[in-house]
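Throughout, numbering of the chain's residues begins at 1 and tracks the sequence.
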Amino acid sequence: MRKICSFRNKFRKTGGKRVILPEKLEEADTDFSSILPFNGHAETVQKILDVVKKSINGIDLAILGLENQQHIHYGMPLRIMLGDAMGYLKEYQEITKRNRAEGSLEGSEEYLSGFHREDRLHPMITICLYYGENEWDGPFSLMDMLKIPNGFRNAVNDYSMNLVQVRESEKFSFQNRDVRTVFEISRNIFKKDYAKIRNIYREQEIDAQLGIVIGSITDSRDLINHALKKKGGRMNMCTALEELKREGVREGIREGIREGMLQGKIIGRYEDGMSPEEIARKMGLTVQQIEEVLVKNKCSIYKR
């Protein structure tokens, strides 16, 4: 939790000032793949981000990358570090190529690097937007992925990850109303706090397009279908919540059916003379799982 908050604190020094403006954003190439020379041969390294924008402020700009993640990725800090590094390398190679073509390099140091002393790269800022239902239990930085011998920690360079979890997004303040709505409703759907959504949006309607986004984030096909019926208009969240509740009931029934069928197979095989170990091996389950089903259903020697 501390590391999530530290990401939020990175931007507190702006005093609440909006430093990224939609009207100042431009599309940028999402492909950061490059060719790296290694001992006389070249290796192609591929890296493609989900979304990349250029934020232009006067003559300065920053490259903004976004990694959308529905499932926890235990290598995400490394993945983001690689994407940022490839972004820097791409710009570095463009600058050195231009400098050499212009013949503007002076001195052995500039010839060696292809870089003027005053040349600078633009910052890469990548955010991982995690919209899974479960809390992120993966690494928050490169250091979390390393097994560091005693005495070496201070010598190892870390690389922190900018992580935004939809389910923990109450810590963030969104100035854009639509973004705030998407995060707020999605967060409370994950928490199954439908009463809070109903209290806030009882007298409000939201854009149906936002309903599609929320349905995609929360993996709710019924909510998406409900929003699509509005054909670009507006939708009432209280009505949509009823769709969600019905969807939850149907999923519970389906899960119950699946569990019942699984238990039936286990009991049937046990009664045919198979041991718990054989059943576990046959069905790809653990012996403990098999025994729990047998105990629950009071089968033979497993009666209690």
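Contact record, G211 with A227: C-CB, 3.9 Å, taken as the closest heavy-atom pair. When all heavy atoms of G114 and N99 are compared, the pair lying nearest together is O-ND2, 3.0 Å. Nearest heavy atoms, L112 versus R100: O-NH2, 4.0 Å. Taking each heavy atom of F140 and D144 in turn, the nearest pair found is N-OD2, 2.9 Å. Between V293 and I266, the shortest heavy-atom contact is CG2-CD1, 3.8 Å. In terms of heavy atoms, P276 sits closest to L294 at CG-CD1, 4.1 Å.
With salt bridges taken as basic N to acidic carboxylate O contacts below 4.0 Å, none links E110 and R117. Residues E133 and K192 are paired through a salt bridge, judged by an N-O separation under 4.0 Å between the basic side chain and the carboxylate.
Heavy-atom contacts from other residues, nucleotides or ligands closer than 6.0 Å to NZ of K196 number 12 or fewer. For CD of E102, the number of neighbouring non-hydrogen atoms (other residues, nucleotides, ligands) closer than 6.0 Å is greater than 12.
When side chains are defined from C-beta on, K171 counts as touching E168, because their heavy atoms get closer than 4.5 Å. With a 4.5 Å cut-off on side-chain heavy atoms, S220 and I189 do not count as touching. With contacts defined as side-chain heavy-atom distances shorter than 4.5 Å, the pair K90/M86 does not qualify. Here the side chains of Q69 and Q165 are not in contact, with every heavy-atom distance at 4.5 Å or above. Counting only heavy atoms from C-beta outward, the side chains of M161 and L142 never approach each other to under 4.5 Å. When side chains are defined from C-beta on, T126 counts as touching M124, because their heavy atoms get closer than 4.5 Å. The side-chain heavy atoms of D137 and Y74, taken from C-beta on, include a pair separated by under 4.5 Å. At a threshold of 4.5 Å between non-hydrogen side-chain atoms, the residues M145 and P139 count as touching.
Within the 3.5 Å criterion, the main-chain N or O of N188 finds no donor-acceptor partner in the side chain of D193. Judged purely by atom type and a 3.5 angstrom limit, H116 has no side-chain atom pairing as donor or acceptor with the backbone of E118.
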task = Given side-chain contact (heavy atoms from CB on, under 4.5 Å), test L223 with M235 step by step and report yes or no.
result = CA-CA 10 Å; L223 183 54; M235 59 183 280; 3.8 Å; yes
task = Report the C-alpha distance between C128 and N162 in whole Å, list the side-chain angles of each, state the deciding distance to 0.1 Å, and finish with yes or no for side-chain contact (heavy atoms from CB on, under 4.5 Å).
result = CA-CA 6 Å; C128 174; N162 296 324; over 6 Å; no
inquiry  = One pair to check against side-chain contact (heavy atoms from CB on, under 4.5 Å): L146 and D158. What are the steps and the verdict?
reply    = CA-CA 10 Å; L146 305 180; D158 199 4; over 6 Å; no
request  = For side-chain contact (heavy atoms from CB on, under 4.5 Å), just list the numbers for V166 and V182, CA-CA rounded to whole Å, side-chain angles, deciding distance to a tenth of an Å, and then say yes or no.
outcome  = CA-CA 9 Å; V166 172; V182 167; over 6 Å; no
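In this structure, S113 has no side chain to side chain donor-acceptor pair (under 3.5 Å) partners at least two apart in sequence or on a different chain. Take N199 and apply the side chain to side chain donor-acceptor pair (under 3.5 Å) test, not counting sequence neighbours, and it matches R202.
Rounding to the nearest 0.5 Å places CD1 of I267 at 9.5 Å from CD1 of I279. Once rounded to the nearest 0.5 Å, the distance linking OH of Y270 with CD of E278 reads 11.5 Å. D219 CG to I214 CD1: the interatomic distance, rounded to the nearest 0.5 Å, is 14.0 Å. The CD atom of Q70 sits 9.5 Å away from the OG1 atom of T218 when rounded to the nearest 0.5 Å. Within the model, atoms OG1 of T181 and CD1 of I197 stand 11.5 Å from one another, a figure rounded to the nearest 0.5 Å. The structure places CD of Q93 at 4.0 Å from CG of L89, a figure rounded to the nearest 0.5 Å.
Residue I148 is grouped with residue Y159 when hydrophobic side chains (ILVMFWY) are merged at heavy-atom distances under 4.5 angstrom, including chains of intermediate members. By the criterion of side-chain heavy atoms lying less than 4.5 angstrom apart, applied directly or through intervening Ile, Leu, Val, Met, Phe, Trp or Tyr residues, I217 is grouped together with I200 in one hydrophobic cluster. V179 and L66 fall within the same hydrophobic cluster, where Ile, Leu, Val, Met, Phe, Trp and Tyr residues are linked whenever their side-chain heavy atoms come under 4.5 Å apart, directly or through other members. Y201 and I224 sit in two unconnected hydrophobic clusters of ILVMFWY residues. Membership requires side-chain heavy atoms under 4.5 Å apart, directly or through other members.
Defined by atom type and a distance below 3.5 Å, a donor-acceptor pair is missing between the side-chain atoms of N68 and Y130.
For F183 and F172, the ring centers sit 6.0 Å or farther from each other.
Contacts classified as salt bridge (Lys or Arg N to Asp or Glu O under 4.0 Å) and involving residues 173-188 (residues at least two apart or in different chains) are given here: E170-R187.
Using cut-offs of 30° and 60° on the angle between ring planes, the pair F115 and Y92 is tilted.
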